[in-house]
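Report on the following structure.
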Amino acid sequence: MIIEVKNVTKRFGANEVLKGIDLAIPERTICGFVGANGAGKTTLMHCMLGLIPVTTGTITIAGTPVTFGQTASNEHVGYLPDVPEFYPFYSARDYLDLCAVITKLPKSESSTRIAELLDLVGLSGNKRVISTYSRGMKQRLGIAQALLNRPKLLICDEPTSALDPAGRAQILSILQEAKKETAVFFSTHILSDAEQICDRIAMLHEGRLIFNDDLHRLDEQTSGEFAFTFAHHTIEETRARLADYPAELRIDHGALIARLPGDEARLSFAKELANRGLVIETMQPHKKPLEDVVMEVLR
Amino acid sequence: MNNDIDMLIEYLPFLVPLIVLQVGLAIFSAIHVIRHPHYRFGNQIMWLLIVVFIQFLGPLAYFTIGRGDRHDH
Amino acid sequence: MNPWIGFLKKEWTESVKSYKLLLVAVIFSILGVLNPFTAKITPALMENFMPEGTVVNIPEPTALDSWLQFYSNVPQMGLVVFILLFSTLMSKELDRGTLVILLTKGLRRSTVVTTKWVIGAAYWTLAFLLAFSITYAYTAWYWDQSILHHLAFAVSCVYLFGLLMFTLTLWGNTVFATGYGGLLAAVLAVIALFIAALFPGTDAWNPIGLLTSSPGLLTGDAPLSDFTGPLLVSIGAIAVLLGATVFHFNKKVL
């Protein structure tokens with residue numbers, strides 16, 4: 001296991017942010033850490049990095065226990081904060097040089113490794129100082145510094161949330177690439193980002209871990225919902241015609257949402273539509289916003 | 001009158017370096033104010049007046065609290 | 001390169017890029033010239049300001065006047081400017097969060113504190129030597145310095161007091177983690193030391209004596225032994241404050 005979190009609680013004064021978290025992540029996986037803003041994701045990550053002390057419980061990373069303050073476990077870890085801050089007067093290369101010295105990367109290795117990483121994140125050849133960088137460029141430099149010492153675990157805090165769709169896709173593909181060398185644990189409040197690249201999902205809700213398993217298990221648990229639109233009939237008419245059908249049906253954004261868990265239910269629903277002369281125009285799996293998935297998992 | 005000129009010459013070894021340093025600093029700061037139009041507060045005119053007319057405390061204030069260090073576009 | 005040297009290099013680059021080197025060099029050069037200049041011009045100015053016909057007996061300035069100017073200008077203007085310039089070494093990094101990445105990369109927290117102290121102390125040394133050597137050169141040119149006693153020791157007292165103030169500022173800046181935390185600590189400490197100096201007997205240890213009574217060293221009125229207490233207390237305080245800063249920073253939640 002690359003990460004083992006055992007019964008971790010964290011209180012800030014009277015406010016209990018983490019309520020007994022148990023979490024184990026196997027090596028070489030990309031794990032999406034999903035939860036609404038304020039669910040406690042950053043707090044747990046800071047605990048894993050020894051940046052804040054846990055109230056109770058233990059965290060072990062690659063077999064090394066995490067202690068508050070100076071922690072030996074950090075040599076296995078690369079970390080990308082939600083808003084990475086660099087020294088504005090350095091260029092990307094200068095900054096990575098500093099990181100290489102700090103992480104004690106041998107000089108013979110560091111210059112090729114830095115060139116490699118600048119290539120990976122698309123910043124090679126950029127000689128400008130960091131104060132001129134856009135948010136996306138900083139995020140990419142952040143990934144480069146996090147991967148510098150070939151960590152066994154890459155921890156990223158909301159790496160995609162402040163970016164436009166193009167920047168987001170870039171970051172996700174870099175993370176996918178990084179998986180060849182390291183396990184990735186990244187937090188997001190955008191479920192679809194996690195679904196695109198993750199093997200595994202851990203879901204945090206109000207300080208408790210409500211789901212921690214392979215991605216397809218989450219699908220099994222929550223999916224089975226399909227969005228239909230129909231030719232010739234309005235959604236309301238169709239809904240009325242299917243009023244007596246024994247499946248969960250509702251209307252959402254001009255589409256009929258049917259909950260059809262399993263092949264059996266899907267087949268019989270298709271048959272029923274045919275029997276009643278309803279012509280399908282479009283049909284697709286229904287993607288739900290995070291809050292709905294959370295509600296469903298809680299159920 | 002003659003006396004004044006004598007006095008001026010007498011103090012020249014002090015005045016030359018003092019003037020060179022202060023004017024040099026003022027000019028350097030003024031150029032910086034113009035070329036980096038980002039300030040934590042205040043505007044260009046204000047900082048120009050401050051660095052040019054307040055000897056050495058003006059440039060000090062500009063470089064420590066006035067200069068904006070981010071290029072937010 | 002080891003991490004300590006690497007981070008020191010970053011501190012140096014940062015100080016140059018934020019114009020600290022330029023400001024310190026220019027301001028302390030100005031102060032260095034100002035000391036003998038003020039000593040030399042004061043009698044002439046006094047004459048000008050006196051009503052016509054008044055007979056005044058203003059003694060010719062001496063090397064001592066030049067160094068007394070040094071004693072008032074360097075601590076009052078120089079040190080204040082220096083402390084202002086270096087009062088946000090730590091809080092600036094904490095505000096912006098620039099340390100988080102480096103600390104999780106294994107940068108020792110003590111390295112952060114000690115490199116910042118060393119860079120500040122190096123700047124103070126540079127600033128002090130600059131003002132000292134300029135004042136020394138002018139004074140040697142215009143006056144006879146053989147009337148002075150213990151010049152090197154007397155100015156070292158001012159130097160040490162400055163170092164103490166800088167260390168205190170770094171401590172306050174780290175503990176309170178705000179831009180003015182360090183300034184506040186330094187100002188309060190100076191006020192406290194001045195108040196303490198009002199009570200008899202405190203001059204045996206009070207570091208403020210390094211500023212207020214060391215001009216007496218130059219004239220030969222004060223014996224060197226008077227300064228043993230304040231010197232030891234200052235050195236001890238610097239060591240304790242630096243240790244306290246490291247200790248506090250090790251446990252700081254970032």
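For clarity, every value in this text was computed on a predicted model and none was experimentally measured. In the text below, chain A, chain B and the rest are named by the order of the sequence lines, each starting its count at 1.
No side-chain N or O of C:Y180 forms a donor-acceptor pair with one of C:S91 less than 3.5 Å apart. No hydrogens or angles considered: nothing links the side chains of C:S66 and C:Y138 as a donor-acceptor pair under 3.5 Å. In this model, a donor atom of one side chain and an acceptor atom of the other lie less than 3.5 Å apart for C:T98 and C:E93.
With a threshold of 4.5 angstrom between heavy atoms, C:Y19 approaches chain B through side-chain atoms but not through N, CA, C or O. Contacts of C:Y142 with chain B are made by side-chain atoms alone, with heavy-atom separations under 4.5 Å and no backbone atom involved. Contacts of C:K40 with chain B are made by both backbone and side-chain atoms, with heavy-atom separations under 4.5 Å. The contact between C:L22 and chain B is made entirely by side chain atoms (from C-beta outward), counting heavy-atom distances below 4.5 Å. Neither the backbone nor the side chain of B:I65 comes within contact range of chain C, judged by heavy atoms closer than 4.5 Å. For B:L25, the part sitting under 4.5 Å from any heavy atom of chain C is the side chain, from C-beta outward, and nothing else. Heavy atoms closer than 4.5 Å to chain B are found in the side chain of C:I27, but not in its backbone. With a 4.5 Å cut-off on non-hydrogen atoms, C:T88 does not touch chain B at all.
Here C:T245 contributes atom OG1 and C:W117 contributes atom CH2; the two are 11.0 Å apart, rounded to the nearest 0.5 Å.
Ranked by heavy-atom pairs under 4.5 Å with chain B, the first of C:V81, C:I41, C:L85 is C:I41.
Looking only at distances, a side-chain donor or acceptor of C:N173 sits under 3.5 Å from a matching main-chain atom of C:M90.
Between B:H32 and B:F63, the angle of the ring planes goes over 60°, which puts this pair in the perpendicular group of the 30/60° scheme.
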